[in-house]
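Proteins come first, then strands; the chains are lettered A, B, ... in the order of their sequence lines, and each starts at number 1.
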Protein chains: 2
Amino acid sequence: MKYLVRENPEAIETLELIEDAFSKRAFLILISCCRVKYEGRAVSRLGLGDRILIIKADGSFLIHQNRNLEPVNWQPPKTKFKTMIKDDIVYIKGVRRYPNESLEVEIHKTYLVSFFIGEDTKSLELAGYEEDMADMIFKNPDLIEEGFRPTSREYSTSQGFIDIIGKDKNGNITVLELKSRHAGVNAVKQLKRYLEDFEDHKKFVRGILVAPSITEDARELLEENKMEFVSLEPPNELKREGNVTLDFYR
Amino acid sequence: MKYLVRENPEAIETLELIEDAFSKRAFLILISCCRVKYEGRAVSRLGLGDRILIIKADGSFLIHQNRNLEPVNWQPPKTKFKTMIKDDIVYIKGVRRYPNESLEVEIHKTYLVSFFIGEDTKSLELAGYEEDMADMIFKNPDLIEEGFRPTSREYSTSQGFIDIIGKDKNGNITVLELKSRHAGVNAVKQLKRYLEDFEDHKKFVRGILVAPSITEDARELLEENKMEFVSLEPPNELKREGNVTLDFYR
DNA sequence: CATTAGATTTCGGCA
DNA sequence: TGCCGAAGTCTAATG
């Protein structure tokens with residue numbers, strides 16, 4: 001992961017770092033003493049104080065005080081940003097259309113600027129089925145195909161973590177991408193990226209998308225890329241609740 | 001402001017810094033590669049990836065990916081925390097009662113730990129919503145129509161509270177349903193229920209939906225039920241509009 | 001402590 | 001893009 005941290009930057013440096021983060025579409029965090037103004041669906045003002053500012057790659061903008069779950073001010077994804085500096089004060093303005101609204105921050109002092117470009121391909125599984133599918137496959141690998149033998153989980157690549165890696169009965173390295181629900185092209189693209197990471201090794205690697213079902217587009221993209229699909233239903237119950245490795249208390 | 005920043009801390013140091021932040025009731029931020037598990041009102045799992053973790057002084061716990069305004073996982077204020085370390089993996093578990101739920105994070109690598117104790121006494125001043133509309137209408141009833149006279153707010157019916165009730169220039173009882181945003185069919189249905197509650201009295205009662213705008217479906221449903229629509233924008237002014245210095249563009 | 005209604009709700013799905 | 005409905009909604013107010 002690439003990242004950058006700067007403590008107590010001057011205003012001009014703060015501005016440069018913010019701009020740098022924007023150009024890299026990074027995950028940006030500032031700890032600053034600031035004033036805030038919002039105008040759009042409503043109108044609000046927030047006087048000077050120390051807060052955390054977060055700007056995400058998709059244009060989400062959050063300002064957090066040290067209390068409450070919710071941000072005190074925010075702007076949803078697709079916000080466009082402008083920055084300015086005047087009299088050692090840095091300004092960030094996030095503007096959005098539909099609805100038309102703007103969030104302006106007047107930064108008087110910055111204690112910390114940090115941005116990073118991280119790996120995070122995983123999306124939330126609201127019932128945890130994906131993990132259960134992996135458990136199920138490890139217990140009964142023939143569910144994928146006769147002779148398949150998984151070797152590791154959460155295998156790290158530059159593209160993220162491969163769900164399951166193993167070998168087929170002919171010894172070919174086989175990469176599994178698991179989806180607990182009807183899978184679309186995104187799942188196929190993800191699998192493709194994993195394989196591309198392996199192709200550097202000049203070895204033949206099989207890619208199998210494992211899901212209960214896939215869209216027609218996904219099926220076509222799989223074929224185009226010589227990858228495969230195995231239909232597998234996730235276990236329909238969270239059995240033995242609490243045997244997950246995360247349970248470390250008692 | 002007191003603060004602390006550490007880059008790439010070892011697991012044991014990460015743990016110590018987290019504990020230190022807890023004891024100081026600081027505003028804690030971590031940038032980490034982690035796995036997440038939630039169990040409570042629902043169940044969820046999130047595989048390994050780089051995220052921002054935030055823990056606030058009031059026990060709020062947020063986990064943000066680099067997309068979407070909302071945290072991917074969270075725990076509201078008053079969450080109690082426990083930490084642990086095992087095999088160079090740091091665990092944070094946030095537990096809450098009423099409802100009983102827990103959020104567990106398995107931290108494999110930490111890129112940045114920072115916590116600070118800041119000054120922030122200011123609270124948000126907000127305007128532009130339903131209550132402000134009601135204030136505005138009471139001050140200037142002709143905004144609804146010439147001769148309208150409001151009599152009461154939050155009038156209780158079996159169907160809930162009517163926002164504003166009054167009489168038109170002909171003495172007809174008039175029920176207002178206020179929406180500060182673009183209103184849909186639900187707002188119309190709600191107004192309809194209020195009127196039905198009045199129809200027991202065998203008197204003619206007008207129903208007016210007051211909002212900046214409504215959907216086409218809402219407009220049709222209003223006509224079908226012989227109810228009306230008055231377009232009104234919520235006030236966009238703060239009571240004590242200070243001369244804020246934030247306007248720097250243009 | 002339970003219920004209720006509003007929110008700069010956000011978010012996903014579908015027409 | 002607009003609209004509808006769900007959400008681990010959150011939050012403040014009220015009984």
Distance check needed: [N] [atom2] versus [X] [atom1], whole Å only.
X        : N      : atom1 : atom2 : value
B/Arg67  : C/dC11 : CZ    : C1'   : 13 Å
B/Glu130 : C/dT8  : CD    : P     : 11 Å
B/Arg193 : C/dT4  : CZ    : C1'   : 14 Å
B/Phe161 : C/dG6  : CZ    : P     : 11 Å
B/Arg181 : C/dT9  : CZ    : C1'   : 9 Å
A/Phe61  : C/dT10 : CZ    : P     : 15 Å
B/Ile162 : C/dA5  : CD1   : P     : 13 Å
B/Glu131 : C/dA7  : CD    : C1'   : 13 Å

Side-chain donor or acceptor of A/Asp163 paired with backbone N/O of A/Glu177 under 3.5 Å: no
Straight-line distance of A/Asn66 CG to B/Lys56 NZ, nearest 0.5 Å: 7.0 Å
Approximate separation, where rounding is to 0.5 Å, of A/Leu53 CG and A/His64 NE2: 10.5 Å
N or O in side chain of B/Thr215 less than 4.0 angstrom from D/dG2 OP1/OP2: no
Rounded distance in Å between the P positions of D/dT11 and C/dC11: 15 Å
Rounded distance in Å between the C1' positions of D/dT14 and C/dT8: 25 Å
Minimal non-hydrogen separation, B/Val210 against B/Ile144, with atom names: CG2-CD1, 3.8 Å
Base versus backbone protein contacts along nucleotides 8-15 of chain D [heavy-atom cut-off under 4.0 Å; B, S, -]: BSSS----
Carboxylate-amine/guanidinium contact A/Lys122 B/Asp50, below 4.0 Å: no
Selected nucleotide, minimal atom distance to B/Asp217 side chain, candidates D/dC3, C/dA7, C/dG6: D/dC3
Closest-nucleotide 5' rank along DNA chain D - winner of A/Lys78 and B/Lys189: A/Lys78
Distance-only polar pair, side chains of B/Asp217 and B/Thr215, donor-acceptor under 3.5 Å: no
Residues forming a ring-ring contact (aromatic ring centres under 6.0 Å, His included) with A/Phe22, sequence neighbours excluded: A/Phe81
Pairwise 5' ranking along DNA chain C for B/Tyr98 and B/Gln159, keeping only the more 5' one: B/Tyr98
